[in-house]
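Note sheet for the following structure.
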Amino acid sequence: HEVVGVMIPASACMVLGFVSYRLQAPSHFFALTPVGPSQACYAVACLCMVTAFKRLFALEKEPRMATSRRTVFRCTVLLWTAYPVVDFMRSMGLITDWQHQIFAL
């Protein structure tokens with residue numbers, strides 16, 4: 001039951017991220033235009049990601065797994081938060097599309 005509370009926002013994050021990607025215009029994603037459906041999906045996807053990690057932190061923890069749990073969790077948070085940062089950098093023109101694809105791998 002507890003894991004479902006993490007899986008739902010994590011799944012919603014992935015689905016909304018994909019929808020956001022499919023809706024975005026070929027121009028810059030965060031251009032100075034009114035907020036559209038792509039930006040709204042992106043924002044909600046980010047909120048879902050934060051919610052999933054908050055719920056994951058709240059799960060009861062097994063004391064014997066504390067060290068490995070922290071390591072795995074830090075790596076997971078790093079990987080999950082890196083993509084929105086790199087995507088934002090690409091949309092602002094700070095990195096090229098090629099660099100974005102390399103980081104996304």
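Residues V50 and V86 do not share a hydrophobic cluster, defined by chaining ILVMFWY side chains whose heavy atoms lie under 4.5 Å apart. Note on V44: it does not cluster hydrophobically with V15, by side-chain heavy-atom contacts below 4.5 Å among ILVMFWY residues.
At a threshold of 4.5 Å between non-hydrogen side-chain atoms, the residues L78 and R74 do not count as touching.
In terms of heavy-atom proximity, A52 sits nearest to A10 at CB-N, 3.9 Å. Taking each heavy atom of V4 and P9 in turn, the nearest pair found is O-CD, 4.4 Å. Nearest heavy atom pair, residue L16 against residue C48, reads CD1-SG, 4.2 Å.
L47 belongs to no hydrophobic cluster, as no Ile, Leu, Val, Met, Phe, Trp or Tyr side chain comes under 4.5 Å of its own.
Y42 contributes atom OH, which lies 9.5 Å from atom SG of C13 (distance to the nearest 0.5 angstrom).
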